[in-house]
**Student:** 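Can you keep this structure in mind? I'll have questions shortly.
Whatever order the structure lists them in is the order used to number ligands and atoms, beginning at 1.
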Amino acid sequence: MKILIVTAEFAPYAKTGGLADATAGLSHALSEAGHDVRVLIPRYPGIRVKGARAFLYRDGESVVRLFRLTRKRDGVRVYLCYVPSLSRVKDIYAGDDRDALRFLALSEAATAFSSTINWRPDVIHCHDWHAALVPTAIKAHNICLPDKAINTPTVLTLHNMGYQGVFPMTVFAKYGYERILSVLPRSESAQEHCNFLRVGILTADALTTVSPTYAREIQTVQFGMGLEDYIVKRRQSLTGILNGVDYSSWDPRNDPYLEQHYDRPEAGEKFAIKSELCERVGLRCARDIPVIGIVSRLAEQKGIDLIVDALPDLLKETNAVFAMLGSGDPKIGKTLHALASKNPQRVAFTEGYDEELAHLIIAGSDMFVVPSRYEPCGLTQLYSLRYGTIPIVRATGGLADTVHQFDPDSGTGNGCIFRDADADGLKWAVRTAMRWYAQPDAWLKLMGNAMSADFSWHARIPEYAALYGRLIGT
Ligand code: ADP
């Protein structure tokens, strides 16, 4: 099948979080399974286009450039949609109306794709609100040019209902996209603001989200973020498919960021990596002192405040040390810096985005905490499992689908899972994991269970292929 992936983020070119890893992992696995996959992303200033071939197409009144990167990446061709007036916007998200322009242009580029590069996709797979207007842009195109109508089916994947892309209706006229305004669903055009994600939910041929539990959760008020009624309306078209892991970059056997590698729970190399981590971030290190790692966006969703609230008691009661890495909300960053300076050698916090340190923390820690209030899929708990770093997670979304409570008697389970989104819930889970840690045989068994779990993308491809196949009628 010929599949066009449309997304704001795609690793390694543009990444702020899991969306980039998910779209890259999915694309590569589809390509390895024999599909012809092309990816369309915005051209951000940081991406080098030297030597890239440029294609021109008409977007309303303007002539627009689409760059094709010279090298395929893991069999996948990447195209970049260039908007000259955004060439100085350094960040992936400007956080204002310019994002509407960037992603309206991306939707138009998806529509113009087949005629511009002479490659007609069988399916267009859109990701998140950034690509949610593609079905509407296709409709506008078909009305303007009925003799060149596009009938490509569309899939919209909902990676996180917390981000919807809401803009005043005036952005369409402001940026020359009145044609899209005129074909918005009627319920939408009556509003003062346009919610890109809501439009996508109403108009895509099929919807997916990134775990079966999240697919159920988003039909409720608690998780639907105001769009639950629309999801319920379209629930027959919604499938929950877990994200996978790209084990070529996240596996202790071959992690490109690690100097030492390992493949068994009892391997001495894991302790050597733990020592390197502790030395690098300034933590106390010993075999009987567990390192608890955290790598996260600093956002309310991620429940970092639970860690902040639980830490004083955990530091008093246990000998654990905490290695934290995060970027995002500066207020949360400030609180974590204060905790670290109050507890030297026990709490380390690095603020910023650091891929290498993320690998070191996930490999070098004994436990890894993901206390999210909601988590569509979550990747860091999946990475941790492979490294024998035991995940301690809250029972929500993909965390609930992938982490199962360890039972030292039967030897089943791969982590520790708590229900209540409060400090007591987290404290209970850390204390429980500490008890297992104190029993070396149980801990080795638990690590073995974790390391043997397989969440590779390849296992997911048949589910996507079946969905695409249903849409194109094969
Ligand atoms: P989300 O997409 O909601 O941020 P996920 O768990 O799905 O959460 O994916 C997070 C991804 O971003 C992982 O690959 C994780 O390692 C990475 N990540 C998050 N914060 C940082 C950071 N500060 N530095 C490096 N990598 C980070």
**Student:** Check ligand 1 against Tyr383 and write out every atom of the ligand that is under 4.0 Å from a heavy-atom position of the residue.
**Tutor:** 13 (C), 14 (O)
**Student:** Of the protein's non-hydrogen atoms, which lies at the shortest distance from atom 14 (O) of ligand 1, and what is that distance?
**Tutor:** Asp21 OD2, 2.8 Å
**Student:** Would you mind running through ligand 1 and noting each atom that sits below 4.0 Å from a heavy atom of Ala358?
**Tutor:** 25 (C), 26 (N)
**Student:** Do Lys331 and Asp329 sit within salt-bridge range, that is, some charged N less than 4.0 Å from a carboxylate O?
**Tutor:** no
**Student:** Hey, does Ala299 sit under 4.0 Å from ligand 1 if you only count heavy atoms?
**Tutor:** no
**Student:** Starting from atom 23 (N) of ligand 1, find the nearest protein heavy-atom neighbour and note its residue, name and distance.
**Tutor:** Gly352 O, 2.8 Å
**Student:** Between the side chains of Thr402 and Gln381, does any donor sit under 3.5 Å from an acceptor?
**Tutor:** yes
**Student:** Does Lys15 have a heavy atom less than 4.0 Å from any atom of ligand 1?
**Tutor:** yes
**Student:** In ligand 1, which numbered atoms sit nearer than 4.0 Å to a non-hydrogen atom of Ser327?
**Tutor:** 23 (N)
**Student:** Distance under 4.0 Å to a non-hydrogen atom of Ser296: what atoms of ligand 1 satisfy this?
**Tutor:** 20 (N)
**Student:** Going by the atom numbers of ligand 1, which of them fall below 4.0 Å from some non-hydrogen atom of Thr380?
**Tutor:** 6 (O), 13 (C), 15 (C), 16 (O)
**Student:** For ligand 1, indicate whether the residue Ile362 contacts it via side chain, backbone, both or neither (heavy-atom separation under 4.0 Å).
**Tutor:** neither
**Student:** With side chains defined as the heavy atoms from C-beta onward, is the minimum distance between Asp205 and Pro135 less than 4.5 Å?
**Tutor:** no
**Student:** Can you find a non-hydrogen atom of Lys302 under 4.0 Å from ligand 1?
**Tutor:** yes
**Student:** Looking at atom 10 (C) of ligand 1, what's its closest protein heavy atom, distance included?
**Tutor:** Gly18 N, 3.7 Å
**Student:** Do Val83 and Arg102 have side chains that approach each other closer than 4.5 Å (heavy atoms only, starting at C-beta)?
**Tutor:** no
**Student:** With a 4.0 Å cut-off on heavy atoms, does Cys377 reach ligand 1?
**Tutor:** no
**Student:** If you measure from each non-hydrogen atom of Asp354 to ligand 1, which part falls under 4.0 Å: side chain, backbone, both or neither?
**Tutor:** backbone
**Student:** Between Arg386 and Asp255, is there a salt bridge with N-O shorter than 4.0 Å?
**Tutor:** no
**Student:** Checking Tyr383 against Asp21: is there a side-chain donor and acceptor pair closer than 3.5 Å?
**Tutor:** yes
**Student:** Would the number of heavy atoms belonging to other residues, nucleotides or ligands and lying under 6.0 Å from CD of Gln191 be above 12?
**Tutor:** yes
**Student:** Does any part of the side chain of His261, heavy atoms only, come nearer than 4.5 Å to the side chain of Pro252, both counted from C-beta?
**Tutor:** no
**Student:** Which residue and atom name correspond to the protein heavy atom nearest atom 6 (O) of ligand 1, and how close is it?
**Tutor:** Leu379 N, 2.9 Å
**Student:** Taking all atoms of both residues into account, what is the closest heavy-atom pair of Leu277 and Gly364, and its distance?
**Tutor:** CD2-C, 4.0 Å
**Student:** Considering only protein heavy atoms, which is closest to atom 22 (C) of ligand 1, and at what distance to one decimal place?
**Tutor:** Tyr353 CD1, 3.6 Å
**Student:** Any non-hydrogen side-chain atom of Ile231 less than 4.5 Å from a side-chain atom of Met161?
**Tutor:** yes
**Student:** Students should be able to answer this: which protein heavy-atom is nearest to atom 12 (O) of ligand 1, and at what distance?
**Tutor:** Gly17 CA, 3.8 Å
**Student:** Should we say atom CD of Glu355 is surrounded by more than 12 heavy atoms from elsewhere, each under 6.0 Å from it?
**Tutor:** yes
**Student:** Show me which atoms of ligand 1 lie under 4.0 Å from any heavy atom of Arg297.
**Tutor:** 1 (P), 3 (O), 4 (O), 20 (N)
